[in-house]
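Working notes, structure below.
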Amino acid sequence: MLGDRQALGPWRLLAVALLVGVAVRLPGMTESLWFDETWRTTARLNADLAFATLFRDVHNFLYNAFMYGWIRLFGQSEVSIRLPSMLAGVGAAWLFADWVSRRFGRRLGWFVLLWALVAPAHVWYSAEAKNNAFTLFFSCLAFVAIERSARQTDRCALWCAATAIALALCVDYTALLLIVPALLCVAWSGQGRRAVQTCALGLLLCSPMWIDRLLHPDGMSRSYARNFDLGEMFLLLVNYFPTGNALAPYRPFTPGAAFEDGRGWLFAPLGLLLVALLCAGGVAMRAARRSAGMWLLAPLLAPLAMFLVASAVLHALWPGQGRYIYQERNLLTLLLPFAALLGAGVLSLRSKSLRVGALCAVFGVPLASDIAMLGPHDDRWTVYKPNPDWRGAAAWLRAQPEARQGRLVALESAKADALSYYLPDVVRISRPWPPNPEELLATFARFDVDTIFVLRNQHWLPPDRRLFPAGHGVTLEDGFEGRAVKVWRLRRSR
């Protein structure tokens, strides 16, 4: 059912599949940059801020270090800074699928590759200048290298696995979600000493980084992270992985909303189908490839258990969002093991009609989600917040009389660094909303302008027009409106 165990191929068909995967990601490659992506430009990767960006950011240094060199060779256009993510994301799908093909069967390998290439979360993060796609690639590289070192017990395989572990951890600590299960599988196969050696050597190679992290823990927590419980796990497996939250979008920091407004009618049958196929895949792996079955079960089940336990402990000891660790993208490394187990379940069905129906369902859902994500729901919170149209806002501001006079002043309630990427001359002033009338009038006088532009990011502390203080000789007027962003004119009466 899973096919012959050999390399993924033929190469011509593989090349076509990868090119189609690249094409699906092209729309995201040309969108406006958003706040986090500007950190992959000289706004942060410059001589003055490079050290803080590389070694004091919440993310580990390797991705930003790579981007520091990349933008100096290839520039910092939207496409240029996103290209490494696309290559890493598509490369990770091929790397894991090829490993599955060699160890479990070519049919299953093809399922993993094709499903990953259309999975909305994979499409999203393969077209974004963040470290998520790099984390996915190097996590898969470490996983495959560890498995290989368990079969080829020479020193070269050991050093390759240890080096891959070090590289993955230097990108992000969430790589542990694939590294730990792989080491557990090595120990399970009776090679406990090999597992300890590989782990110790890998940690030794990246020891300067994690020792520095232990000495400088500031900035590691994030207030927007959430507690991971069984409800969040269900939504991760049933909504986020197959649909990217695109078919029936809701704001993920309000998980109770997932079952409101009729969404339960989608998630209940979809959950039954996916859980049944995942269970069937687990049974099939244990039956058909008993000696190797743990290598597909552990990468999905062990990290979920690790996150549940860690979140429960943190929630009990230090309640409060500052100590929570869960965001959907932190578990992106589980997407490919999820696809493998799902594919094993589909291909294990004995009835041809059932297999065809299951294939149509498990591919139809992500394809429909891609269409929704790139089309009617492109301004909704799906995989993540939609990229605000800062490029369009900059073009509109550039056409205003104030721009020709060199007097563009903008008031922001949330950081609008991406606007400065497109419009470097704009003067941005950060103020809480609603603004203090006296401070507002003083700002007009300070910059000697009659118009200040108010920036509204729909998904990040958006200012409420109804709270604007009336009177004081200042009026608020409509201006530009684009995806997830508005610009208002604030005029002072003379």
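Applying the side chain to side chain donor-acceptor pair (under 3.5 Å) test to W99 and every residue at least two apart in sequence or in another chain returns E147. Residues meeting the side chain to side chain donor-acceptor pair (under 3.5 Å) test with W390, sequence neighbours left out: none. Not a single side chain to side chain donor-acceptor pair (under 3.5 Å) links N227 to another residue, sequence neighbours left out. Qualifying salt bridge (Lys or Arg N to Asp or Glu O under 4.0 Å) partners for D417, counting only residues two or more places apart in sequence or in other chains: R428. Residues satisfying the salt bridge (Lys or Arg N to Asp or Glu O under 4.0 Å) test with R251, not counting sequence neighbours, are none. A search for side chain to side chain contact (heavy atoms under 4.5 Å, CB included) contacts involving L167 returns L62, F138, T163, not counting sequence neighbours. Residues passing the side chain to side chain donor-acceptor pair (under 3.5 Å) test with R263: none are found, sequence neighbours excluded.
Residue L178 comes nearest to C140 through the heavy atom pair CD1-N, 4.1 Å, listed as atom of the first residue, atom of the second, then distance. Nearest heavy atom pair, residue Y63 against residue A129, reads OH-C, 3.2 Å. Contact record, L235 with A258: CD2-CB, 3.6 Å, taken as the closest heavy-atom pair. The two residues L108 and A344 make their nearest non-hydrogen contact at CD1-N, 3.4 Å. Closest non-hydrogen pair, I325 versus A310, comes out as CD1-CB, 4.0 Å.
Side-chain contact of N64 with R40: a donor-acceptor pair under 3.5 Å is present, judged by distance alone.
In this structure, the side chain of S32 engages the main chain of R391 through a donor-acceptor pair within 3.5 Å. In this structure, S126 contributes its side chain and V123 its backbone to no donor-acceptor pair below 3.5 Å. Between the R25 side chain and the M86 main chain, no donor and acceptor come within less than 3.5 Å of each other. Looking at T243, its side chain never comes within 3.5 Å of a backbone N or O of Y240 through a donor-acceptor pair. Put simply, the side chain of Q191 gets close to the backbone of A150: a donor and an acceptor are under 3.5 Å apart. Side-chain atoms of N46 come within 3.5 Å of backbone atoms of A43 as a donor-acceptor pair (strictly under, hydrogens ignored). Not a single donor-acceptor pair under 3.5 Å links the side chain of H315 to the backbone N or O of S311. Formation of a donor-acceptor pair under 3.5 Å by the R380 side chain with backbone atoms of P386 is not found in this model.
Sorted by first then second residue, the ring pair (Phe, Tyr, Trp, His ring centres under 6.0 Å) pairs that include residues 328-357, not counting sequence neighbours, are W115-F338, F241-F338. The side chain to side chain donor-acceptor pair (under 3.5 Å) pairs that include a residue from residues 193-210 number zero, where partners must be two or more places apart or lie in different chains. Pairs of residues two or more places apart, or lying in two chains, never qualify as side chain to side chain donor-acceptor pair (under 3.5 Å) while including a residue from residues 358-377. Residue pairs satisfying the side chain to side chain donor-acceptor pair (under 3.5 Å) criterion with at least one member in residues 65-77, sequence neighbours excluded, are listed as follows: T42-Q76, W70-S80.
To the nearest 0.5 Å, the span separating CE on M209 from CG on N60 amounts to 4.5 Å. In this structure, L184 CG and C199 SG are separated by 10.0 Å, a value rounded to the nearest 0.5 Å.
Figure legend: cation-pi geometry between K385 and W460, with NZ or CZ positioned under 6.0 Å from the six-membered ring centre and within 45° of its axis.
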Applying side-chain contact (heavy atoms from CB on, under 4.5 Å), run through Y326 and L236 and close with a yes or a no.
CA-CA 11 Å; Y326 175 62; L236 175 78; 3.7 Å; yes

Determine whether L45 and W39 satisfy the following criterion, side-chain contact (heavy atoms from CB on, under 4.5 Å), listing intermediate values before the conclusion.
CA-CA 7 Å; L45 295 178; W39 283 51; over 6 Å; no

Kindly determine whether W188 and L183 satisfy side-chain contact (heavy atoms from CB on, under 4.5 Å), including the steps that lead there.
CA-CA 9 Å; W188 180 272; L183 293 172; over 6 Å; no

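By the 4.0 Å N-to-carboxylate-O rule, R226 lies close enough to E232 to be salt-bridged with it. Salt bridge present: R82 and E37 bring a charged side-chain N and a carboxylate O closer than 4.0 Å.
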Which donor-acceptor pairs under 3.5 Å do side chains of residues 130-137 form with protein atoms, sequence neighbours excluded?
residue, atom, partner, partner atom, Å
K130, NZ, D36, OD2, 3.0
N131, ND2, D172, OD2, 3.2
T135, OG1, N131, O, 2.9

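When each of W34, W124, Y125 is paired with Y384, the ring-ring contact (aromatic ring centres under 6.0 Å, His included) condition holds for W34 and for no other.
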